[in-house]
Amino acid sequence: CIRDSHPVAYRPAEECRKKILGNDPITGKPLLQEIVQALTEPLTAEDLKIELIKRPRERVLKLDTPDNLQRLFLENGWTMNLPIILPTEERVAAMLKGTSHKPDEKVGEMQPSSPHEKWSYTVEKVAVNAVMAGAKPEYFPVILAIASTGATSLFTSTNSFTAMVCVNGPIRNEIGMNSGIGAFGPFNQANASIGCAWTLISKNLGNGGAPGQKYMGSQGQGHNYNNLCFAEREEALPSGWLPFHVQKGFKPEESVVSVFDGWSWSNIGGFELNKSNTIKRFFTYQTQCCGQTIVVDPLVADLLYKEGFKTKEQLTQWLRENVMFPQEEYWGQMPGFFGEIHSKELEQAKAGVEPYASWLKLPEGAVIPVPRKVNVNIMVAGGGTNPYWQGGTLRYIRSASVDQWR
């Protein structure tokens, strides 16, 4: 894409239509004509050739000095542009002792987005990246479980996506993950290296590439260094609040990873009582592009419990009924989102039909009394030093068993 033709996001429909009906800025030919031609012309002999895309890469590199190997990995884009633990055969073999699965067993497939090719990978290839991230062998089943989901941490949207992984079950304590003070910070080897391994897997095994090729996030996302990797603080859950993996159908004694991604993530200072006003306001004015997720401090969980939310599900249901639409979003100032849903109501509003006519006259920022029906994922982590919480438009993708990869 070049500057005068992209982006199309947040641009008026008339402007986008003008570009579609105009000329290709590279060839100078009518754009629609080129599209029709590409879809209808017979395939050439070259097009009909079926060839596998080759990804030649030696299993073992030639012996060299540590400095030269670090430079080789860096120049080939196999790192996060930081020094790595060099994956020697001895270190990879040690990592493989963290699982009972064979080195050549297929773990999964991954792609940066649906138009791109899926790459598959084995236990050994995942082990190489786990070594590079600084993980210990006892962390390896967690990393394999993340890899088995096939979810990339480097989703190639022009929106600079955030990714997150939550770990539940006994494995949290077995490997010493942090779910308390600084759970999202750089203070715990398991949290840090597991999250970093996910990014390296996404780059090296999941067809993730250099900016402008396979990664298109306009500004990028610092979270992707270790991808908001944390453990839920199950011990601090109020009575009746289920751990996240149990909500997804797993047993309490099972160890599980759950992965998420989406547009944005915010740290919210302070918490107000009176039926969780802060959380309600956040999701009222937060664009609902992907999903809704919050991680609350144990203090916030306790306050919510005292307000009458005896389960996570009760809080989710209350938010579904009480998070409303901002005026400008209800009427579709974001084409392709909620405007199309409420186009019939807009016609009625312009015709003077109530209550739509009055809603249309509300000032920008006013709230339309129509529930958004948000479905918020709720987890608990933090040290209980302040009633803060974090949240954003992260969608839940899927969960995977860690025990399966022991």
Side-chain angles (χ1 to χ4, degrees), residues 1-11 13 15-17 19-27 29-44 46-57 76-78 106-121 125 129 146-164 198-221 223-224 227 259-264 287 289-291 334-337 340 393-398:
C1 298
I2 63 174
R3 181 169 295 179
D4 65 352
S5 64
H6 195 79
V8 295
Y10 306 101
R11 306 309 304 158
E15 181 179 326
C16 295
R17 182 174 179 82
K19 290 181 178 180
I20 293 173
L21 295 177
N23 292 335
D24 183 329
I26 297 176
T27 65
K29 298 178 181 179
L31 180 61
L32 282 180
Q33 179 182 319
E34 287 185 323
I35 294 174
V36 171
Q37 186 176 342
L39 291 173
T40 58
E41 281 190 349
L43 295 175
T44 66
E46 187 67 23
D47 293 331
L48 292 170
K49 288 182 179 178
I50 300 176
E51 295 183 1
L52 295 175
I53 298 176
K54 297 179 180 179
R55 293 187 282 132
R57 188 173 296 177
N76 279 278
W78 301 336
K106 180 180 174 180
V107 177
E109 299 176 339
M110 190 180 293
Q111 60 191 145
S113 69
S114 55
H116 295 95
E117 178 197 13
K118 284 186 178 181
W119 287 0
S120 62
Y121 38 85
K125 289 180 179 179
N129 287 272
I146 295 171
S148 75
T149 68
T152 179
S153 75
L154 298 173
F155 187 76
T156 188
S157 168
T158 53
N159 305 301
S160 304
F161 267 38
T162 291
M164 184 173 82
W198 189 13
T199 290
L200 289 173
I201 290 166
S202 300
K203 285 192 72 175
N204 298 327
L205 306 181
N207 197 8
Q213 297 178 13
K214 300 292 177 61
Y215 180 81
M216 300 300 295
S218 188
Q219 292 183 312
Q221 180 53 262
H223 288 154
N224 294 147
N227 300 298
V259 292
F260 307 76
D261 71 2
W263 269 5
S264 61
T287 301
C289 75
C290 303
M334 287 188 66
F337 281 82
E340 294 177 3
T393 56
L394 300 195
R395 61 177 175 169
Y396 165 72
I397 302 175
R398 62 185 65 89

Check whether any side-chain heavy atom of [X] lies under 4.5 Å from a side-chain heavy atom of [Y], and answer yes or no.
| X | Y | answer |
| --- | --- | --- |
| L205 | N129 | yes |
| N227 | M164 | no |
| F155 | I397 | no |
| S160 | Y215 | yes |

Flag for S202-S153: side-chain donor and acceptor within less than 3.5 Å:
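Yes.
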Any donor and acceptor pair, going by atom type alone, linking the side chain of [X] with main-chain N or O of [Y] inside 3.5 Å?
| X | Y | result |
| --- | --- | --- |
| T199 | N224 | yes |
| T156 | K214 | yes |
| N204 | W78 | yes |

Please report the shortest heavy-atom distance between [X] and [Y], naming the atom on each side.
| X | Y | value |
| --- | --- | --- |
| M110 | Y121 | CE-OH, 3.5 Å |
| F161 | W263 | CE1-CD1, 3.2 Å |
| K19 | L31 | O-CD2, 4.0 Å |
| A151 | V259 | CB-CG2, 3.9 Å |
| P112 | N207 | CG-O, 3.4 Å |

How many angstroms lie between NZ in K125 and NZ in K106, if you round to the nearest 0.5 Å?
11.0 Å
T152/Q111 under side-chain contact (heavy atoms from CB on, under 4.5 Å): CA gap, chis, key distance, verdict:
CA-CA 7 Å; T152 179; Q111 60 191 145; over 6 Å; no
